There are 2 protein chains.
Amino acid sequence: MKLEINVKNDNREVQNTIISQIRDLINYKNLEPGDKIPSERMLSDKFGVSRSNVRDAIQKLEFYGILSSIPQSGTFVANIGVTALNGMIDDILRLKEPDFKSLVETRILLELKTARLASLRRTEADLIQMEDALNAYREKVINGEKAVEEDLLFHLAIAKASGNSTLNTLMLMITPGIITNFEEYHVCSEDLAFNGIQEHRDIFEAIKAKNPGLAKEKVKVHFKALYQYCYSIS
Amino acid sequence: MKLEINVKNDNREVQNTIISQIRDLINYKNLEPGDKIPSERMLSDKFGVSRSNVRDAIQKLEFYGILSSIPQSGTFVANIGVTALNGMIDDILRLKEPDFKSLVETRILLELKTARLASLRRTEADLIQMEDALNAYREKVINGEKAVEEDLLFHLAIAKASGNSTLNTLMLMITPGIITNFEEYHVCSEDLAFNGIQEHRDIFEAIKAKNPGLAKEKVKVHFKALYQYCYSIS
DNA sequence: CACAAAATTCTGGTTAACCAATATTATAAA
DNA sequence: TTTATAATATTGGTTAACCAGAATTTTGTG
């Protein structure tokens with residue numbers, strides 16, 4: 001297990017080295033937005049790493065919109081100036097693994113917004129999906145089973161109902177981290193789960209009634225315990 | 001250009017097909033959390049696609065915490081039940097490219113939070129970096145040059161100062177989309193840029209003074225025009 | 001010289017062979 | 001039969017050869 005982590009860190013360090021080398025190269029060669037960077041083969045040769053390593057690094061920079069690859073043509077610097085480019089690459093290099101506190105803090109922020117938007121934009125189909133998740137959650141809890149998944153599905157259903165594709169994506173992205181940390185820190189107690197049934201119902205009803213203020217308020221109530229726990233361990 | 005988009009869409013469709021096939025396989029074989037899924041070779045053979053396609057699909061599911069690959073051992077279903085797994089995979093398959101409106105909506109939400117947190121947690125080093133970005137922005141605007149990048153760097157500096165690694169990452173991820181759409185919709189006018197100088201300064205001073213309420217308020221002012229524009233084009 | 005056409009080079013993407021570590025099976029000793 | 005050991009098969013990861021298409025250079029033609 002330890003070994004695996006080290007391996008991943010090593011890979012990440014290699015990738016970060018390549019990324020910073022690409023940045024240096026762009027600066028040294030005074031490449032401007034739209035210019036083509038050297039081919040993958042040349043870079044792998046120059047940096048003394050495998051071509052797949054270079055490809056992975058480029059892919060990461062593509063994800064953040066720094067580079068753009070066109071098949072059979074080349075890889076190009078995105079349409080942002082060197083200032084922003086350097087700043088963003090530095091930020092990317094310094095990105096840390098998210099800590100539990102920041103995850104929860106962010107999740108609460110996102111949930112308050114998605115609930116509010118969902119109460120304004122939810123469709124009938126959204127309501128059905130939310131109620132399904134809600135019922136599944138209640139069943140599990142009543143049977144004394146763990147219901148972390150059903151809990152999350154309800155919240156993801158809200159995110160979907162928010163009609164905001166960006167928020168929906170962000171919620172999906174932070175979800176795995178939330179699950180992992182929840183299990184690691186044993187956040188879920190049985191009492192909380194039981195309270196959750198009514199709290200979920202309240203949120204659902206507020207969204208159904210198209211009452212954004214109430215929805216936000218009910219989400220706040222739902223996350224109050226989590227919020228305090230999150231700050232108590234920091 | 002059109003071709004490129006089609007190619008990417010094709011690739012995405014292939015990937016989505018593979019992802020849904022993996023999901024079906026997990027369901028059909030009743031695989032539980034922690035179980036091993038068939039090897040990449042078997043999957044590529046079974047699905048009639050190349051192994052690299054399978055690897056890409058697995059990588060995406062790893063990103064969302066659905067699967068977990070261990071070298072020389074296998075790829076395993078993450079520690080979430082089939083219910084959440086199916087729900088999340090369906091969500092992933094339905095993920096849409098973010099639209100401008102949802103991007104701006106999300107950005108404003110994130111910025112209000114990062115400014116608030118930054119005013120509580122900023123270090124002296126953060127202040128220096130923010131002021132650097134702020135000055136660079138002013139210089140450019142006064143010289144009549146475009147300053148979208150410097151604008152963003154100021155906001156990314158705030159995100160960094162928020163001390164919330166998740167929020168910082170999310171800001172970085174939505175930034176490229178923001179830049180692209182800004183240029184596409186020609187959001188930035190010269191008047192707005194000039195107003196921006198003072199507005200940035202106001203935000204900075206509020207954060208420096210450790211006044212979260214004021215910081216939030218100043219961010220609201222700063223985004224007011226953008227907010228209205230965003231809703232006018234929808 | 002100008003310009004079109006063909007040959008060549010170069011590109012990112014794909015495929016298949018290879019690697020080291022692991023998991024499994026077969027074997028043998030107790 | 002049990003258990004320790006060795007041989008084998010399987011795994012995700014890596015490398016290098018290959019591909020189709022784009023970019024460039026060379027060639028041919030007016």
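Source: prediction; values computed, not measured.
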| field | Distance test, side-chain N/O of B/Ser69 to OP1/OP2 of D/dG12, below 4.0 Å | value |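 So the side-chain polar atoms of B/Ser69 never come under 4.0 Å of the phosphate oxygens OP1 or OP2 of D/dG12.
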| request: Ignoring backbone atoms, test whether B/Ser73 places a side-chain nitrogen or oxygen under 4.0 Å from the OP1 or OP2 oxygen of C/dT22. | output: no
| Parallel, tilted or perpendicular: rings of B/Phe223 and B/His155 (30°, 60°) | tilted
| query | Do the ring planes of B/Tyr137 and B/His200 sit parallel (below 30°), tilted (30 to 60°) or perpendicular (above 60°)? | reply | tilted
| Which residue, B/Ser39 or A/Val49, contacts DNA chain D at a nucleotide closer to its 5' end, judged by nearest heavy atom? | B/Ser39
| field | Pair B/Lys160 + B/Asp126, salt bridge at N-O below 4.0 Å | value |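 Looking at B/Asp126 together with B/Lys160, the answer is no, because their closest N to O distance does not fall below 4.0 Å.
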| task | Before accepting this row, confirm whether a basic side-chain N of the pair A/Lys46/A/Glu40 lies closer than 4.0 Å to the acidic partner's carboxylate O. | result | no
| task | Report yes if a donor N or O on one partner sits less than 3.5 Å from an acceptor N or O on the other, where the partners are the side chain of A/Gln72 and the base of D/dG21; otherwise report no. | result | no
| query | Quick one: the side chain of A/Arg55 and the base of C/dG12, do they pair up donor-acceptor inside 3.5 Å? | reply |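 Checked by distance alone, the answer is no.
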Mind calculating the distance between [atom1] ([X]) and [atom2] ([N]) to the nearest angstrom?
X       : N      : atom1 : atom2 : value
A/Arg41 : D/dC19 : CZ    : C1'   : 11 Å
B/Gln59 : D/dT14 : CD    : P     : 11 Å
A/Glu40 : D/dT15 : CD    : P     : 14 Å
A/Phe76 : C/dG12 : CZ    : P     : 8 Å
A/Ile18 : D/dT14 : CD1   : C1'   : 13 Å
B/Asn53 : C/dG13 : CG    : P     : 13 Å
B/Met42 : D/dG12 : CE    : C1'   : 15 Å
B/Asp45 : D/dT11 : CG    : C1'   : 16 Å

| task | Could you check B/Lys36 against B/Arg51 and say which one's nearest nucleotide on DNA chain C is further toward the 5' end? | result | B/Arg51
| task | Could you tell me which residues satisfy side-chain hydrogen bond (donor to acceptor under 3.5 Å, both in side chains) with A/Thr175, sequence neighbours excluded, listed by chain and number? | result |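 Partners of A/Thr175 under the side-chain hydrogen bond (donor to acceptor under 3.5 Å, both in side chains) test: none.
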| field | Selection from C/dG12, D/dG12, D/dT15 that lies nearest to any side-chain heavy atom of A/Ser52 | value | D/dT15
